[in-house]
There are 2 protein chains.
Amino acid sequence: MPSPDVLTAPPESRTWTIAQVAEEFGVTHRTVRHYEDLGLVTPERRGTQRIYHRRDRTRLALILRGKRLGFPLEEIRTIIDLYDAPRGRRSQLEYVLDQIDARRADLEQRRRDLDEALSELTTFEQRCRADLASLTT
Amino acid sequence: MPSPDVLTAPPESRTWTIAQVAEEFGVTHRTVRHYEDLGLVTPERRGTQRIYHRRDRTRLALILRGKRLGFPLEEIRTIIDLYDAPRGRRSQLEYVLDQIDARRADLEQRRRDLDEALSELTTFEQRCRADLASLTT
DNA sequence: ACAGCAGTTGACGTTTACGTAAAGGTAAGG
DNA sequence: CCTTACCTTTACGTAAACGTCAACTGCTGT
């Protein structure tokens with residue numbers, strides 16, 4: 001049985017086990033550990049056990065979306081690193097802004113490819129529907 | 001020297017060597033041959049040499065766009081196969097239309113992910129620009 | 001005290017997508 | 001005829017992204 005704390009504790013301090021996050025995100029624990037090996041997530045350790053916080057879940061969501069978009073994990077890491085890079089000095093901020101531009105260009109290329117693929121698919125579908133209609137007559 | 005035929009022949013019959021298509025699409029000849037091993041392109045053979053036609057270039061363009069979108073080659077093949085599957089019988093047409101729906105769902109999920117990523121990037125950029133402005137003052 | 005389960009660390013296996021080296025065929029130019 | 005450039009097959013290598021044991025550890029209920 002879970003201790004009542006889970007229900008009464010403030011949401012900020014809510015934590016998860018590896019099995020829980022794996023289950024929630026639909027991946028295996030091996031996958032989660034692999035991401036940790038690559039430095040994509042860094043869960044807290046209570047002794048030897050991993051404790052996942054909200055921050056870790058946010059990262060996992062970012063990672064998995066990156067994967068759905070077809071980015072390699074190493075590239076995903078550079079994105080994550082970008083998002084929580086220190087931005088204290090002007091030079092750092094300018095570097096980050098440059099990186100943002102590069103990423104945006106990449107994403108927009110992908111969107112062009114995607115829209116192209118979608119419109120070709122639509123054209124193809126119309127042809128098929130026309131063929132189907134001509135069979136019916 | 002190329003024979004004058006290359007200039008006078010009708011554009012339909014224009015062909016390419018493996019080196020030319022590889023160069024044109026910015027990949028190595030090894031890559032092109034790999035796609036052939038997987039059945040993604042099937043160039044004509046003149047003796048032992050490969051002859052690439054317009055049709056092959058169209059396919060290569062499809063393949064590479066698929067790759068930019070992060071699809072595995074096997075999945076790309078199912079797409080290509082879909083595009084030139086026989087559509088004579090009604091049952092075949094209905095099957096193809098089902099596949100089209102599945103693909104569209106996939107592509108639209110990707111677009112959602114993409115738009116989300118882009119808008120997060122924009123938000124982040126604004127924050128950075130704000131930080132930069134506050135440094136200037 | 002002890003079984004049982006969840007979690008942990010290696011370490012090797014697998015699939016995908018090519019790279020790369022070896023060894024040779026072929027057509028054109030000198 | 002011989003070199004050179006381009007093409008061919010065969011085959012082993014490799015990096016990424018996990019899968020899959022194996023062998024422990026550490027709580028938890030009985």
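The analysis underlying the following values was restricted to heavy atoms, covering all of them including side chains, and did not include hydrogens, waters or symmetry mates. Letters go in sequence order (proteins before strands), and every chain restarts at 1.
- Between the B:Arg111 side chain and the B:Asp106 main chain, no donor and acceptor come within less than 3.5 Å of each other.
- The main-chain N or O of B:Leu121 is never found under 3.5 Å from a side-chain atom of A:Arg104 such that the two would form a donor-acceptor pair.
- For residues 113-137 of chain A, the ring-ring contact (aromatic ring centres under 6.0 Å, His included) pairs, not counting sequence neighbours, are A:Phe124-B:Tyr83.
- B:Glu108 is linked by a side chain to side chain donor-acceptor pair (under 3.5 Å) to nothing, counting only residues two or more places apart in sequence or in another chain.
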- Summary of protein contacts for nucleotides 7-21 of chain C, nucleotide by nucleotide, where a base hit scores B, a sugar-phosphate-only hit scores S (4.0 Å, heavy atoms): SSB-B-----BBBB-
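- Of the possible donor and acceptor atoms, one in the side chain of A:Gln92 sits under 3.5 Å from a partner among the backbone N and O of A:Arg89.
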